[in-house]
Amino acid sequence: MPEIRTRFAPSPTGLLHIGGVRTALFEILFAHHHGGKAILRIDDTDRTRLVPGAIQSLIEDLSWVGLHFDEGPSDEEIARADEGYQGGFGIGGAAAPYVQSQRLGRYKETAEELIRLGVAYRCDCTSERLEKEREEQTARKEMVGYSGYCRERNVAADVPHVVRFKIPADRAVVLADAVKGEVRWDQIILRDPVLLKSDNFPTYHLATVVDDHDMRISHVLRADEWLSTAPLHLLLFEALGWEAPVFAHLPPVLGTDGKKLSKRHGATFLSSFREAGYLPEAILNFMALIGWSPGEGEQQEIFSMEELTRRFTLDRVNNAGGVFSYEKLKWMNGMYIRALAAEDLEGRLRPFLAGAGLAVDGEKLRRIVPHIQQRLELLPDAIPLVQFLFQAKIERDMASMLKKGMDAAKAKEICLRAAEAMGAMETFDTPSIEAALRGMGEQLGLQAGAVFTVVRIAVTGQKVTPPLFESVYALGQKEAVERLRETAELLG
RNA sequence: GGCGCUAUCGUCUAAGGGUUAGGACAAGGCCCUCUCAAGGCUUAAAUACGGGUUCGAAUCCCGUUAGCGCUACCA
């Protein structure tokens, strides 16, 4: 059996979209499930939309999220295509180059071949002429598209021109799509599409067919939106005498309004999810479940990449589009955060804490992390929970302290006594703190909860915090006593 | 307009002719509890509509409706 080879071919026109992440994920899962290879190809054929630095950010994002390809552009190729490239993400492979702007010769010669075969022709129609044609067609309520004016004109090779494919009339095309099943077109409605642009760059249609053939791609997994142009690609493979790969058109990832997920639905760039404090593992797990499911009554939701790879098959890919739910992603992110080793979580938290301007003390952080772990959905959720540890001065929510029958005099007494008890401790640890605080409640004839609330706000400033005894312990004996005394003074 | 794709709780989905239509997120309730969480238990919530085929349809077929995609020298 020939090797299973898939490819992900993003355009460097901006940041990596979360929908692209899903496509790339499926490419990798499918290839690796079958012991094959996933290839990364850079589709930079649109010179007008090219964004400098986009390749760099694309592969950086891919790498961050944990999507690793078996073949792809080398450092040299990327550097040639993207001036700002810093290096370090090159992959390489036998089918190099993997950057389409570096494969121009192949597209050009294939276009010539197509002309020789009589299925393509040169066209020198100006954009004005095309524009006028379109206007007239619209006015006559006809189908809009190129009339085929240059089909028989034998436009010379030495004038500026494009190369167009001659769409055959009355040709039925059948696609055996691995996801959609058999899709049939009784006639192809496309109107002589451009294959090679006047700047000598190919359009997607030509480039993808040439490269998928050259790179021996066995399965093309791509977004649903390509389904309409699949007949063109099939015809191209046929005309060239090449065997077409298996196509699998993936259901779209939608926003809440049922339209393709875009900016107005919220964050859509992978980098925004990274900045918002999502974990790569959670993102991958979640994206796998939009448009794919393990089936067979499976009730598990959390899957590692290994499990996904083992279980992923195309026949479990759904036909219908799926709405991207930020809520569920958040829940899943929380699940992943809770499953992290404490040291791991510490490391992931640091950039966010530093970003919030907190001067993090490693020891304090180490003490508190296990206690905030089940309180986080997103990494930055930690900031309000731990900030009291790293601030020299805290603001106290006195209004919340003096609620429910608690008055200033009583609160002051609690603070004084607590300060005394804390200060007197020989071993300052969580059980001792708890014992002291609980004992105090009894002595004063107060509910433990009432005492805790006063101490909580006195020590942390906030009414919502990690568990009290652990928080006091994490802060340290000296600072805890100081903060209790400070509060007592504040209370008159 | 044309061509194509799609249709199960609000959302992601399971059920591949026979199930009380299952699970998860979100929502509500209860338990646990030092705040907030986490966790456990629990409630509500769906086969778009109409025809067939069949002893029997969420499931197969046809139609309707609705949504989406494509219809560029963009991908």
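Quick note on labels: first sequence line is chain A, next is B, and so on, each numbered from 1.
Taking the ring centroids of A/H219 and A/F30, they lie under the 6.0 Å cut-off. Between A/F324 and A/F286, a ring centre-to-centre spacing shorter than 6.0 Å is recorded. Ring-centre distance between A/Y204 and A/W226: below the 6.0 Å cut-off. Aromatic rings from A/W292 and A/F312 are positioned such that their centres are separated by under 6.0 Å.
B/G2 is paired with B/C70 under the Watson-Crick or G-U wobble criterion, all donor-acceptor distances under 3.5 Å. Pair check for B/G39 finds B/C31; Watson-Crick or G-U wobble, both atom distances under 3.5 Å. Pairing of B/U11, defined by two Watson-Crick or G-U wobble distances under 3.5 Å, is identified with B/A24. Pair check for B/U64 finds B/A48; Watson-Crick or G-U wobble, both atom distances under 3.5 Å. The nucleotide B/G18 finds its pairing partner in B/C55, both defining distances of the Watson-Crick or G-U wobble pair being shorter than 3.5 Å.
In this entry the distance linking CD of A/E470 with P of B/U33 reads 16 Å, nearest Å. Rounded to whole Å, atom P of B/G67 lies 17 Å from atom CG of A/D224. The CZ atom of A/F469 sits 10 Å away from the P atom of B/U35 (whole-angstrom rounding). Note: NE2 (A/H205) to P (B/A75) measures 8 Å, nearest angstrom. If you measure from atom CZ of A/F201 to atom C1' of B/C73, you get 13 Å, rounded to the nearest angstrom.
For A/D82 (side chain) and A/Q56 (main-chain N/O), a donor-acceptor pair under 3.5 Å exists by modelled atom type.
The two residues A/D211 and A/Q100 make their nearest non-hydrogen contact at OD2-NE2, 2.7 Å. Taking both residues in full, the closest heavy atoms of A/R222 and A/T23 are given as CA-CG2, 4.4 Å, listed atom of the first, atom of the second, then distance.
The residue A/T453 sits apart from the nucleic acid: no heavy atom pair falls under 4.0 Å.
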- Message: For nucleotides 43-50 of chain B, give me one character per nucleotide, 5' to 3': B if any protein heavy atom sits under 4.0 Å from the base, S if the only such contacts are to the sugar-phosphate, - if neither.
- Response: --------
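Around atom CG of A/N154, no more than 12 heavy atoms belonging to other residues, nucleotides or ligands sit under 6.0 Å away.
Between the side chain of A/S198 and the base of B/C73, a donor-acceptor pair under 3.5 Å is found.
Annotation: of the two residues near RNA chain B, A/R134 and A/L376, the 5′-most nearest-nucleotide partner is A/L376.
The OH atom of A/Y146 lies 15.5 Å from the CG atom of A/L190; values are rounded to the nearest 0.5 Å.
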Show the distances under 3.5 angstrom between N or O atoms of the protein and N or O atoms of nucleotides 12-15 of chain B.
unit_1, atom_1, unit_2, atom_2, d
B/C12, OP1, A/V323, N, 2.9
B/C12, O2', A/L289, O, 2.8
B/U13, OP1, A/G291, N, 2.6
B/U13, O3', A/S293, OG, 3.2
B/A14, OP1, A/S293, OG, 2.9
B/A14, OP1, A/R316, NH2, 3.2
B/A14, O2', A/G297, N, 3.1
B/A15, OP1, A/R316, NH1, 3.1

